[in-house]
Amino acid sequence: MSIIEHFYTIAKIPHCSFKAHLLRDFLVDFGKKCGYEVSVDSAQNILVSKGKPKLCLQAHYDMVCMGDAPRIEIIKQDGWLKAKNSSLGADNGIAIAMMMALMEEKLELEFLLTSDEEVGLIGANGVEFELESKYMLNLDSEEEGEICIGCAGGVDIKATKLLTKIKNEDTCYEIRIEGLPGGHSGVDISKGVANAIVELSSFLNEIDIKIVDIVGGERINSIPANAKAVVSSKVDLTSSQRFTTTKVEKNDFCYREDIAKILANFKHGVLEFNDQLGIPNASQNLALVSLVDDVLSIEVSLRAMSMDKLESVSQDAERYFQDLGFEVEKKDKYPAWKPEQNSFTSLVEKSMQNIVGKSELKAIHAGLECGVLKQKYPHILFASIGPTIRYPHSVREEVKISSVERIFEVVKNIVLILDKKDSIDENNFSKS
């Protein structure tokens, strides 16, 4: 079967983060049918291996489910694969499809398929396998022609506060902002993508209201596409043309705290830019807000290209909420992957140049499992590549078909070169 055919098969199997057991079982059976040894560890990572492999190919098998996902209707249009009203799952399903095609060729490789990457690199943090390979090629990058050799570290912060109810004397209105583009909270954070929570809270902060209820955002690692609030106001808000505003049944209570100001004053977006790498050096995404049982919950995702910077920005965010009386919890911290050029990155760069016609070493302002796995396997050399995928973590997600085919050829070329050599000769694979 072709890679695209394998991808269509994967798309039919639900595999949202935390709910990917059906795809896990399918991939275990597939590997065994292709004649590989297959193991699953306690974190639900899968290792598929044969012979004496020199190279480990690595990808995650969960996806960010947006819109109608996990029900995915694939659309082929103008050389791209998209999905109707849902995320596509090309991140990282295309990589899994490539692995399946290579398994069918019975190659001596290790395939490390990790679980729950999209919700905090959980699988990578819990991996238990001993690997034989000297080299690992991660297939979770999203721009053809680029070789990723470094990534951001990250941490999520959840701030909660019990609010004070007061009697409401005014008219209630529901204000909605819906259907914004959304996007990846790392790679899209510097692209001017509107954040629905930021847009809504900024508007509410400009007018005299009290909040009755508020909810916004979809995933901790996505830029929010939707947000809504119920507010009480002395003036008629239905004339506002910025948002969808409707009068609703009056609520007896609202909240004393100025929730709109709390949200509006939290800085969302790029905090510092790295001119050398051409990407943000630090950022924070105001990802989720909810109000349940009088408890306001705000969740933000923070990223930085070094662990020192990550610690600094996380302390600042923590202090912001603590000064306002919130309890703060840090969770799902993962390490940055310091950019490194070596013999393996040179091999990958040369193969990319020969097949794609261009190659560039880059770092990415997003979390890659390489950062975690590098700590677990310090003897392994790492690089990351992938086909062109646009707008991951959103209903606009799409993958370029021709790019998939070329990147697969790059992977096969790297496998072929390593198969013929006991070790990489630095002189034969210098920077192109």
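Below, all heavy atoms of this structure are taken into account, side chains as well, without hydrogens, waters or symmetry copies.
Between Phe321 and Phe266, a ring centre-to-centre spacing shorter than 6.0 Å is recorded.
Between the CG atom in Asn221 and the CG atom in Asp332 there is a gap of 10.0 Å [rounded to 0.5 Å]. Here the CG atom belonging to Leu302 is positioned 11.5 Å from the CD atom belonging to Gln315, to the nearest 0.5 angstrom. Rounded to the nearest 0.5 Å, atoms CD1 (Ile189) and CD1 (Ile279) are 13.0 Å apart. Lys331 NZ to Ser301 OG: the interatomic distance, rounded to the nearest 0.5 Å, is 11.0 Å. Distance check: Asp188 CG to Ser222 OG gives 9.5 Å after rounding to the nearest 0.5 Å. To the nearest 0.5 Å, atom CD1 of residue Ile414 and atom OG of residue Ser351 are 4.5 Å apart.
With a 4.5 Å cut-off on side-chain heavy atoms, Phe26 and Thr9 count as touching. The shortest distance between side-chain heavy atoms of Leu373 and Asn138 does not fall below 4.5 Å. Two residues are said to be in side-chain contact when any heavy atoms from C-beta on lie closer than 4.5 Å; Phe7 and Leu88 meet this criterion. The closest side-chain heavy-atom distance from Tyr391 to Lys82 is not below 4.5 Å. By the 4.5 Å heavy-atom criterion applied to side chains, Ser297 and Val292 are not counted as neighbours. Proximity of Arg406 to Val410: side-chain heavy atoms (C-beta onward) are nowhere separated by under 4.5 Å. Counting heavy atoms from C-beta on, the side chains of Ile220 and Val119 never come closer than 4.5 Å. Counting heavy atoms from C-beta outward, Phe111 and Ile46 have side chains that stay 4.5 Å or more apart.
By the side chain to side chain contact (heavy atoms under 4.5 Å, CB included) test, Glu73 is found to be paired with Lys84, residues two or more places apart in sequence or in another chain being considered. Looking at residues two or more places apart in sequence or on another chain, you find a ring-ring contact (aromatic ring centres under 6.0 Å, His included) between Phe30 and His6. In terms of the salt bridge (charged side-chain N to carboxylate O under 4.0 Å, His left out) criterion, Glu218 has no residue partners (sequence neighbours excluded). Residues passing the side chain to side chain donor-acceptor pair (under 3.5 Å) test with Ser403, sequence neighbours excluded: Glu144.
Gln341 and Ser346 share no donor-acceptor pair across their side chains, judged by distance under 3.5 Å alone. With hydrogens and angles left out, the side-chain atoms of His60 and Asp91 include a donor and acceptor closer than 3.5 Å.
Closest approach of Ser314 and Val155 over heavy atoms only: CB-CG1, 3.9 Å. Nearest heavy atoms, Leu112 versus Cys56: CB-SG, 3.7 Å. Between Cys148 and Leu368, the shortest heavy-atom distance links the atoms SG-CD1, 3.7 Å. A pairwise comparison of heavy atoms in Lys309 and Ala304 identifies CG-CB, 3.6 Å as the closest pair. Residues Ser384 and Ser141 come closest through the heavy atom pair OG-OG, 2.7 Å. Closest non-hydrogen pair, Ala383 versus Val348, comes out as CB-CG2, 4.1 Å.
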(message) Show, in sequence, the C-alpha distance, side-chain angles and deciding distance for Tyr334 and Glu117, and conclude whether the side-chain contact (heavy atoms from CB on, under 4.5 Å) test is met.
(response) CA-CA 11 Å; Tyr334 54 90; Glu117 185 269 354; over 6 Å; no
(request) Evaluate side-chain contact (heavy atoms from CB on, under 4.5 Å) for Leu296 paired with Glu257, printing each intermediate quantity in order. (result) CA-CA 10 Å; Leu296 177 64; Glu257 289 81 2; over 6 Å; no
(message) The test is side-chain contact (heavy atoms from CB on, under 4.5 Å); show your working for Val404 and Met98 and say whether it passes.
(response) CA-CA 9 Å; Val404 172; Met98 289 183 184; 4.0 Å; yes
(message) I'd like to know whether Leu131 forms a side-chain contact (heavy atoms from CB on, under 4.5 Å) with Leu47, so could you lay out the CA-CA distance, the side-chain angles of the two residues, the decisive distance to 0.1 Å, and finally the verdict.
(response) CA-CA 9 Å; Leu131 301 181; Leu47 179 63; 3.8 Å; yes
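Under 4.0 Å is where a charged nitrogen must lie from a carboxylate oxygen, and between Lys412 and Glu105 at least one such pair does. Salt bridge annotation for Glu174-Arg176: present, with a cationic side-chain nitrogen under 4.0 angstrom from a carboxylate oxygen. At a threshold of 4.0 Å, the pair Arg319-Asp316 counts as salt-bridged, since one of the basic side-chain nitrogens sits closer than that to a carboxylate oxygen. Under the 4.0 Å criterion applied to side-chain N and carboxylate O atoms, Glu369 and Lys376 are not assigned as salt-bridge partners. Ion pair Lys158/Glu329 not flagged as a salt bridge, since none of the NZ, NE, NH1 or NH2 atoms sits closer than 4.0 Å to an Asp/Glu carboxylate oxygen.
More than 12 non-hydrogen atoms from other residues, nucleotides or ligands lie less than 6.0 angstrom from CD of Glu104. Summarising the local packing, NZ of Lys362 is surrounded by more than 12 heavy atoms from other residues, nucleotides or ligands at distances under 6.0 Å. Around the NZ atom of Lys228, the shell of radius 6.0 Å holds no more than 12 heavy atoms that belong to other residues, nucleotides or ligands. Heavy atoms from other residues, nucleotides or ligands lying under 6.0 Å from NZ of Lys330 number more than 12.
Under a 3.5 Å cut-off, the side chain of Ser87 and the backbone N or O of Met66 do form a donor-acceptor pair. Lys106 places a side-chain N or O within 3.5 Å of a backbone atom of Cys34 that can act as its donor or acceptor partner. Under the 3.5 Å distance criterion, the side-chain polar atoms of Asp140 are left unmatched by any main-chain donor or acceptor of Ala59. Checked by atom type and distance alone, the side chain of Asn45 never pairs as donor or acceptor with a backbone atom of Val40 at under 3.5 Å. Panel note: side chain Asp68, backbone Ser86; no donor-acceptor pair is recorded below 3.5 Å. In this structure, the side chain of Asp293 does not engage the main chain of Val295 through any donor-acceptor pair within 3.5 Å. In this structure, the side chain of Gln284 does not engage the main chain of Leu271 through any donor-acceptor pair within 3.5 Å.
Sorted by first then second residue, the side-chain hydrogen bond (donor to acceptor under 3.5 Å, both in side chains) pairs that include residues 122-131, not counting sequence neighbours, are Ser42-Glu128.
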Which side-chain N or O atoms in residues 16-23 pair as donor and acceptor under 3.5 Å with protein atoms at least two apart or in another chain?
| unit_1 | atom_1 | unit_2 | atom_2 | d |
| --- | --- | --- | --- | --- |
| Ser17 | OG | Asp62 | OD2 | 2.6 |
| Ser17 | OG | Met63 | O | 3.4 |

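Ring planes of Trp337 and Phe382: perpendicular class, angle over 60° (limits at 30 and 60°).
Of the candidates His365, Lys267, Arg303, His365 is the only one forming a side-chain hydrogen bond (donor to acceptor under 3.5 Å, both in side chains) with Ser283.
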